[in-house]
Asks: 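This is the structure I want to talk about, given as structure tokens.
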Amino acid sequence: MKAYSLLSLVRNGLNYHQDWQQAWRSPDPKSHYDVVIIGGGGHGLATAYYLAKECGVRNVAVIEKGWLGGGNTGRNTTIVRSNYLLDESAGIYEHAMKLWESLSQELNYNVMFSQRGLLHLAHSVHDMQEIGRRGNAIHLNGIDSEFLTPRQVKKMVPIINLDCRYPVMGGLLQRRGGTARHDAVAWGYARGADALGVDIIQNCEVQGFDIESGTVKGIHTSRGRIGAGKVGCVVAGHSSVVAEMAGFRLPLESYPLQALVSEPVKPILDCVIMSNGIHVYVSQSDKGELVVGAGSDPYTSYSQRGSFDQIEHVVGPLLELFPVFSRLRMLRQWGGIVDVTVDRSPIMSKTPVNNLYFNCGWGTGGFKCTPGSGHLFAHSIAKGEMHEKAAPFSIDRFNTGALIDEGAAAAVAH
Amino acid sequence: MAELHKAVPTFTPLRQKKIALAGGELRELPQTLKLSLRGDAADQAFLQAAADVLTKAGAGGLPIPLAANTVSAGSRASIFWMGPDEWLLRTEADALDELSGPLSESAVATAFEEQHVAVVDVSDYYTVLELGSKHSMDILARSCPLDLESCFAKQGCCAQTRLGNAAVLLDSDSPDLWRIQVRWSYAQYLWQLLERSASSV
Amino acid sequence: MFTIECPWCGNRDQSEFTCHGEAHIARPLNTESMTDEQWGDYVFFRKNTKGIHYERWVHAFGCRRWFNAVRNTVTDRISSTYKPGEKPPAN
Amino acid sequence: MNQHLSDKSGKTELRLAKGNGVDTGVAVSFTYDGVSYQGVKGDTLASALIANGVRLVGRSFKYHRPRGIFTAGPEEPNALVQLGEGARTEPNTRATQVELFDGLVAHSQNCFPSVKYDIGAVNSLVSRFLPAGFYYKTFMWPASMWMTYEKFIRRAAGLGKSPQQQDPDKYEQLHAHCEVLVVGAGPSGLAAAKSAAASGKRIILMDEQSEMGGSLLWNGATIEGKPGVEWARQQVAELKAMPNVRVVARCTVTSYLDHNFIAAAERISDHLPLSEQERAPIRQRFWKIRAAQVVVAAGSIERPLLFADNDRPGVMLSAAVRTYINRYAVLPAQEMVVFCNNDSAYATALDAKRAGAAVTVVDLRSSEVVNASAAATLVRDAGVEILAGCAIAGINGKQQIRSVIVQHLSGDKRSLSGEPREISCQVVAVSGGWNPTVHLHSQARGKLEFNNDLQAFVAAGNVSASDEIALMNPHLMSGACNGEFDIAACLADGWSKGLQAAGSSADSSSDSSEANAGGITASAAEADGLCSKVAALWTVPTTHEIGQGSRKHFHDLQNDVTVADIHLAAREGYQSVEHLKRYTTTGMGTDQGKTSNVVALAVMAELRGTGIPEVGTTTFRPPYTPVTFGAVAGQYTGELFLQERTTAMQPWHVANGAVFEDVGDWKRPWYFPRGDEDMHAAVQRECLMVRQSVGLLDASTLGKIDIRGRDSAEFLNMIYTNAWLKLAPGKCRYGLMLNEHGMVFDDGVTTCIAPNHYHMTTTTGGAARVMGWLEEWLQTEWPEKQVYCTSVTEQWAVTAVNGPNARKLLSKVTDVPLDNEQFPHMSYMSATVAGVPARIFRISFTGELSYEINVPARYGLHVWESLVEAGDEYDVCVYGTEAMHVLRAEKGFIIVGQDTDGTVTPYDLGMDWIVNNTKADFLGKRSLSRSDTSKPDRRQLVGILTDEPETVLPEGAHLVSAVLEKPPMPTEGHITSSYFSPNAERSIAMALVTRGLSRKGEKVTAQLMDGRTVSATIVDPVFIDAKGEHLNG
Ligand SMILES: Cc1cc2nc3c(=O)[nH]c(=O)nc-3n(C[C@H](O)[C@H](O)[C@H](O)COP(=O)(O)OP(=O)(O)OC[C@H]3O[C@@H](n4cnc5c(N)ncnc54)[C@H](O)[C@@H]3O)c2cc1C
Ligand SMILES: NC(=O)c1ccc[n+]([C@@H]2O[C@H](COP(=O)([O-])OP(=O)(O)OC[C@H]3O[C@@H](n4cnc5c(N)ncnc54)[C@H](O)[C@@H]3O)[C@@H](O)[C@H]2O)c1
Ligand SMILES: Cc1cc2nc3c(=O)[nH]c(=O)nc-3n(C[C@H](O)[C@H](O)[C@H](O)COP(=O)(O)O)c2cc1C
Ligand SMILES: [Zn+2]
């Protein structure tokens, strides 16, 4: 892999950009890989990258049914934070945050990780109690967190309407939180993995498993059978579908989750705003659009689009919090399919099938953990034992009751 | 209760506010008696008992509506279909004094003896607004997802639906004149919504 | 944004309804004798069907009745609705 | 230079005498970039600017290249302006869609200090180092610098500026229902609306322009012997006169969503002078339409050609030039070159020539093809030179075209040859063919197929009868948007689609287009050739290899994406259309690539050596054109954003200075400050007064459910964790509800009013949830149970009378005995209070002697006031939710949602007594015995007393097992409730602590965020009256 650098850019500029290499190859699948990763989203690609980079497993393929990064990785609102309430969650998300902080250099691909600060607003006494608890928990986990008064909120975000339907009573700020360029994350990992010998096979759908006496031996795809020593499945919204191919069910449901962008404008919002009380989250991309996250529909769907209800239900709150945006225009809305567990925490786990591992259930908030999830999952697959940080997220917890209930505990999304 | 109600000040959520609209007005109607009635529509004894109690109260001739989205409207009271086993009896305001005794929760409940029914006084759970305007349909259409023209093509229709965030029960005498029943705590919101809607037709 | 045929009230806008997930999950009667796995299956594990899905809706802003719908989760087309207790239509 | 062009009447050198859509006799003045100009009535900002010779209107996104007006419609990528000022300013507005009004103010954007001298244009100088995706390759060193680089990148991007003030205008939503919605009022849409309307069914016809007629406003067609414009006006008038038809202009159908839900944005006041805009009740209306059938007659959008420097101000789509001439009476330039690959541009040449311009046509197609074209012949006969087999090799002039260089195309069309010829001109009218506007069809998930004649995507013709999408989103494509470009055919298509949509079958016996068109005859303007003979030449060669010289071939003008960028993307492996789009950002601008997408696909197809259909399109998503957030939100902003619910006693609370707290939708009195008390002082006083004498709380917001029927007790027994079968009439009982996960989700007191009749109370926030929970079980799981539930929350106004003097106070206004024997704790009586019928529940959330008085809401205020008055002699205190919270905490009563969080079982709360394990079952029971849920080291609710009685721990503070120098420090729980208790005369707190219940008496340490530590002791969470003696008064 030829490295990207300012110099290479200048050299190629002078050479009319004729010499850039392919970021990744498009190889034909081999008949057998030591590890096959199903799903070419950020998590799958990161898993393959770390398998090759850190675990010495180089005979790896990533099988993607469409174009890489075309799942939720390509359609999320790019919010990155690690200020989770529960210790188990803080463990993985902060693990990811540390990787984010040097990811561009690690991948030699600028993922535009922007630590512009992420501000949760509190709009009621109950919200204040919630951020109080979470802020303290995060702090004690060694993760940065700050409480802001309404005045400090206003100073940071002058256009905010503090006196909205549920007045802003305070805020919880994670300065290290922010956004990243979602597509670049997928591409950067793909390029990195490819350079380490990983085969990335696009337009190849997994349609079944080869399972012999309880152990996975390979997969059936739209491009034929591919043998595999181990298989890691990281297909987000489609996890239940793939699990069914392997003969088991997951504690998941797949919902449409939508987002929208405004037309681009000059910088007006410098941090990420999340409000659970008013129900909106919004940031401004480097290109200038407001990126606004809507809610998920209450019905399951695989159609990558949702109800217009959800769009209205986020635009109203957006204007309640930012009345100055009323004359801006919505440019585009879209949906993704998110796989949601009851406790709003992911699953990284062994399964009833030997050598078949699942990484799913990231729901509405897994982009931020892309590096962490890939890293932990790679180490777990390589070793055959779940990494200690991943271990609490096993499927078993739904039987024992050891839920990691971020939803109930904090009622916070994303 | 009829006597008591005269002795002390009562009020409605909107205090019988009104505003003028083109060709009519928006107003809150005076308080009426409202009873929620639950029972088995397939049970003749239940239907008979219901008919009897109404006749006895002097609001006879009102059949229990068995078709969804319909109302049996009389001059003194109306019975609305609310669900397959649920109805709402609502008296007219000017018949309140006479009917509130014979149609009180306890009087009606006793009429059903051992049957599995529920009779619950919900007079104050709701209030009723009246929307009268030559633009009534347009005003409602601003916040109502229901196809009012089709749903109210015939006489004797009613519908539960939403106006903005408020769950409402609608019935109408003509395309211009509508009654909107809403929960007490949503009355103020609904008023603002209708007032706002009327301002732009 | 669906229109949904309430088995009682007729065709109505989706905004009058709320969805309550997979239908026909009977609550077990022998809860005490179930294993943790069996109980966990009942509480948490779902078919999450891609394709024809049977699900429950309630007409929240209308007659407030629960009913079932058959929806294709790929297209989101609702092919039929039916009352609780009725047999799901063959699809 | 510009002002001299216009005199007071709005007449300029470029202004023609007459146009179909303008009144050249009425001047309209406006300012652009601080200079005043005159336009005429009917102008758009774009047509007025062109009339005034203003060609440079903006700077491009990335390279800040000078850009001019490119189109005459919604597809405009370049001419985006900052419209208006102050609170009404609006960024990124297409000048081509802004109707001119007196006093309009507009500014160019994305340039500093001005559009002419723009510093950002340095990007253009280094553009060779800024190819697609360059930022992924750089700005990485040193890592810490990215945030600085980013700041500059952000500033350079972004186009216009957001308003900084609150929008003074109002918006609204409107629901509509129809049998047929017709989108687009060109010839095809008008015909469809007419034929559908005859059915008498409800028809809505929408068009986004100020005037209906679509292409008839400029294409010179003749229909039924009249000019097309006149025919259109007549149709519109006739349609408007029909009671079953709604005709809505200035209304863009933005979104085609499932189940034929269609959204449209109508602009109501944007075109009015400011003074009228201010008076307008609403600015924009957002239509939410349910249509049984939709006829999409949205026309087509012209494509550009990809030639060198094709972004220079003065390059315009050919039909736009024609529109400016015929509709707006503006000649875009005195000298023009028409550059095309199909016949449809010849009409432009003829119209421009007739309007007085010097015109040359450059046609990429060979002489043989051109010579065979009737349109070309007509144009040549009119004295226009046609250079067939030629191409524009480059443009001279940066901020405005001065001339073009024309050369012959080589046989393989990959290079140029022959002597370059320079042709002087200010405008180049380009046509690369037409794309049917399939956006709405695609939004509706309709399939596309590639039409080789048109070299464009059209809606797939064969849809099977069982196609689920077609069944769900039934619609018909008509006219140009169906790939039909002949005027007569468009009319016929519209007419028959209208009939079909309305369910009236077309006259199938006759297949002549006339009969199908309802007898409408039509002919196109002279020289109006069809675009079907398109030469599929996408990239026009220039003097150097693509991307290897100074001349750029732009396809996405707004996002500054060039053919070289597509080459680069292909080279680097970003070959899927979706990667291409995201890597180069092509099609991601405010125009969503309306002019650029298909040509980009074509270039990629060429590079990949496949057909365009194999490359595929990106996903069409709503909205068709951007729609203001204001319109989407409609009336639901400000006071209508979310309902504020209030109780019957609200007027009293307001009159008596209550400070309110939001609890769900409700506004509840938080505390009632007296004099200049602050919150703390007021709450402390309220808490003392209640325990010392008596206090009143408005408890009306608690959820209330009336439960009746033979199986009610059994039902309650399943719903609650404790036993309910033996509750006698007149008795009350407290209960906890669990979800099936075994976690507490609501609590409250339920009373047996009479046999088989119960009155349940729930938390304020949980009321709807609990009602739903009960109904769900009854209706879906236990339909055989004879139980009816009725919500009665608002039926009853509730006053809680608490305190040692409660009995005395109440006895003044009621007729029932209140002594402990006849009316003991946890019992109920029906009574008369203050002259009205009441239900009195003797239950207590303070631990004091307490009665909760329920009266029909109409009497709520009266009873409240009567109690306040009766309490005067006891110095009664009216208190709010905060004092309520303190008072209950003093007794260790939980608040669900504060002391629990959805992960807490009754055992965790130390409430084993409320779980009746001898019951065979209750909801959630089985979950309590799962291995993790029943393990001993769970977090459990306890009381906490700080060593320093004055120190009040912050809620949310954590307890640590060991204080370390700095985090991470493992925590073992957190404070859920914490107050200064005036009655205990010290701080009190509750906390969920690991194994807390077995650790009473143990020391713990709270570690605060500011570094302080607070030492405390785990205790029983009952801080006063441990024996419960107060209950009896
Ligand atoms: C609108 C929206 C907003 C969001 N906002 C945020 C946010 O702000 N912050 C945040 O942290 N998270 C957010 N998320 C969640 C986040 O996007 C996801 O959790 C995360 O991207 C999941 O990554 P992934 O790699 O696991 O899945 P994906 O990117 O979805 O990748 C899974 C891949 O598997 C492929 N696949 C599926 N089935 C098969 C098969 N049978 N064979 C082969 N391949 C298959 C798919 O094509 C897909 O490419 C948001 C999600 C959405 C939809
Ligand atoms: N010579 C050619 O090859 C050629 C090429 C293009 C067009 N034409 C001519 O174009 C005409 C086609 O007629 P037609 O009726 O199909 O189209 P049209 O272009 O005349 O009318 C389409 C109308 O739809 C409106 N519209 C588009 N999208 C909309 C939306 N989302 N919401 C609201 N309104 C929307 C437009 O404003 C326009 O008025 C014919 O006159 C034909 O001759 C000819
Ligand atoms: C963070 C983010 C920013 C986006 N910005 C834009 C944008 O500026 N312009 C645009 O057209 N689409 C933008 N999109 C939306 C994409 O075009 C696209 O809709 C989304 O990736 C989903 O893919 P799909 O619509 O192809 O299904 C953005 C998406 C994301 C996730
Ligand atoms: Zn219904």
Side-chain angles (χ1 to χ4, degrees), chain B residues 1 3-5 7-13 15 31 34 36-40 85-86 105 109 114-127 138 140-151 164-166 182-190 192-193 196-201, chain D residues 170 172-178 202 268 280-282 285 288 290 634-636 639-640 642-648 650-651 665-666 700-701 706-711 756-757 786-797 832 834-837 855-863 865-866:
Chain B
M1 181 155 154
E3 301 79 64
L4 285 170
H5 122 104
V8 301
T10 66
F11 73 99
T12 51
R15 293 180 183 59
Q31 212 113 45
K34 304 173 203 84
S36 163
L37 175 62
R38 304 286 300 270
D40 181 356
D85 60 356
E86 181 176 352
E105 179 181 304
E114 286 299 282
Q115 300 183 33
H116 174 44
V117 298
V119 181
V120 183
D121 189 333
V122 288
S123 303
D124 298 25
Y125 187 76
Y126 298 112
T127 190
D138 290 335
L140 293 175
R142 274 160 176 68
S143 57
C144 185
L146 188 64
D147 184 352
L148 296 169
E149 269 174 340
S150 304
C151 281
N165 288 334
V182 65
R183 284 170 75 163
W184 175 298
S185 64
Y186 280 82
Q188 184 63 35
Y189 165 80
L190 183 64
Q192 288 167 337
L193 183 61
R196 167 79 190 269
S197 303
S199 74
S200 65
V201 287
Chain D
K170 288 201 159 69
E172 73 178 9
Q173 294 188 346
L174 177 68
H175 295 266
H177 301 263
C178 62
R202 293 174 298 180
I268 296 192
I282 52 166
R285 177 176 295 138
K288 304 200 326 190
R290 290 280 184 190
Q635 58 271 52
Y636 303 107
E639 65 178 17
L640 291 174
L642 224 157
Q643 63 280 0
E644 286 184 357
R645 299 166 68 187
T646 53
T647 73
Q650 178 74 358
D665 310 344
W666 295 92
S700 307
T701 60
D706 182 280
I707 300 174
R708 301 200 197 201
R710 213 160 288 157
D711 300 324
N756 300 328
H757 181 193
Q786 295 207 341
V787 181
Y788 286 126
C789 298
T790 309
S791 166
V792 288
T793 300
E794 281 101 323
Q795 171 67 18
W796 301 101
T832 299
V836 307
V855 295
R858 74 186 74 174
Y859 306 120
L861 184 60
H862 160 74
V863 168
E865 286 173 339
S866 305

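In what follows, chains carry the letters A, B, and so on, assigned in the order in which the sequence lines appear, proteins first and then strands, with residues in each chain numbered from 1.
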Asks: Is it true that D:R202 and B:D147 have a side-chain N and a carboxylate O under 4.0 angstrom from each other?
Replies: yes

Asks: Side chain, backbone, both or neither: which part of B:T127 has an atom under 4.5 Å from a heavy atom of chain D?
Replies: neither

Asks: Taking all heavy atoms of B:P9 and all of D:Y859, pick out the closest pair and write down the distance.
Replies: O-CD2, 4.3 Å

Asks: In terms of heavy-atom pairs under 4.5 Å, which option from B:S199, B:A118, B:S36 contacts chain D the most?
Replies: B:A118

Asks: Against chain B, work out which of D:A834, D:G634, D:S700, D:A648 has the most heavy-atom pairs shorter than 4.5 Å and name it.
Replies: D:A648

Asks: State the CG-CG distance between B:N165 and D:L640, to the nearest 0.5 angstrom.
Replies: 9.5 Å

Asks: Between D:Q635 and B:Q192, does a side-chain contact (heavy atoms from CB on, under 4.5 Å) hold up when you go through it step by step?
Replies: CA-CA 10 Å; D:Q635 58 271 52; B:Q192 288 167 337; over 6 Å; no

Asks: Within the structure provided, determine whether B:R142 and D:R285 are in side-chain contact (heavy-atom separation under 4.5 Å).
Replies: yes

Asks: Given heavy-atom pairs under 4.5 angstrom as the criterion, report whether the side chain, backbone, both or neither of B:P13 touches chain D.
Replies: neither

Asks: Applying side-chain hydrogen bond (donor to acceptor under 3.5 Å, both in side chains), run through B:T10 and D:R858 and close with a yes or a no.
Replies: CA-CA 5 Å; B:T10 66; D:R858 74 186 74 174; 5.9 Å; no

Asks: Measure B:R196 against the heavy atoms of chain D and call it side chain, backbone, both or neither at under 4.5 Å.
Replies: side chain

Asks: Rounded to the nearest 0.5 Å, what's the gap from OH on B:Y189 to CG on D:L642? Could you check?
Replies: 7.5 Å

Asks: With a 4.5 angstrom heavy-atom cut-off, could you sort out which part of D:D665 is near chain B: side chain, backbone, both or neither?
Replies: side chain

Asks: Is it the side chain or the backbone of D:E644 that comes within 4.5 Å of chain B heavy atoms, both, or neither?
Replies: backbone

Asks: Contact part of D:T790 toward chain B, heavy-atom cut-off under 4.5 Å: side chain, backbone, both or neither?
Replies: side chain

Asks: Count the heavy-atom pairs under 4.5 Å between each of D:E639, D:H757, D:R710 and chain B, then report the option with the highest count.
Replies: D:E639

Asks: Which atoms of D:T701 are under 4.5 Å from chain B, going by heavy atoms: the side chain, the backbone, both sets, or neither?
Replies: neither

Asks: Checking D:R708 side chain against B:V119 main chain: does a donor-acceptor pair fall under 3.5 Å?
Replies: yes

Asks: I need the minimum non-hydrogen distance between B:D124 and D:Q795, along with the two atoms involved.
Replies: N-OE1, 2.7 Å

Asks: Hey, what do you get for NZ (D:K170) to OG (B:S200), rounding to the nearest 0.5 Å?
Replies: 10.0 Å

Asks: D:V787 versus chain B, heavy atoms under 4.5 Å apart: side chain, backbone, both or neither?
Replies: backbone

Asks: Would you call B:K34-D:E794 a salt bridge at under 4.0 Å N-O?
Replies: no

Asks: Does B:R183 reach the side chain of D:R645, with side-chain heavy atoms less than 4.5 Å apart?
Replies: yes

Asks: Checking heavy atoms, do the side chain of D:T793, its backbone, both or neither come under 4.5 Å from chain B?
Replies: both

Asks: Give, for atom CD of D:Q173 and atom OG of B:S197, the distance between the pair rounded to the nearest 0.5 Å.
Replies: 10.5 Å

Asks: CG of B:L146 to NE2 of D:H175: how many Å apart, nearest 0.5 Å?
Replies: 10.0 Å

Asks: What residue, out of B:L190, B:L148, B:V122, has the most heavy-atom pairs lying under 4.5 Å from chain D?
Replies: B:V122

Asks: Taking side-chain hydrogen bond (donor to acceptor under 3.5 Å, both in side chains) as the definition, give me every residue that meets it alongside D:R290, ordered by chain and number, with sequence neighbours left out.
Replies: C:D13

Asks: Can you give me the closest heavy-atom contact between B:R15 and D:P651, atom names plus distance?
Replies: NH2-CG, 2.7 Å

Asks: Can you name the nearest heavy-atom pair linking B:L193 to D:Y636, along with the distance?
Replies: CD1-CE2, 3.8 Å

Asks: Assess the pair D:Y788 and B:H116: is the distance between their ring centroids shorter than 6.0 Å?
Replies: yes

Asks: Where does D:W796 contact chain B at under 4.5 Å (heavy atoms): side chain, backbone, both or neither?
Replies: neither

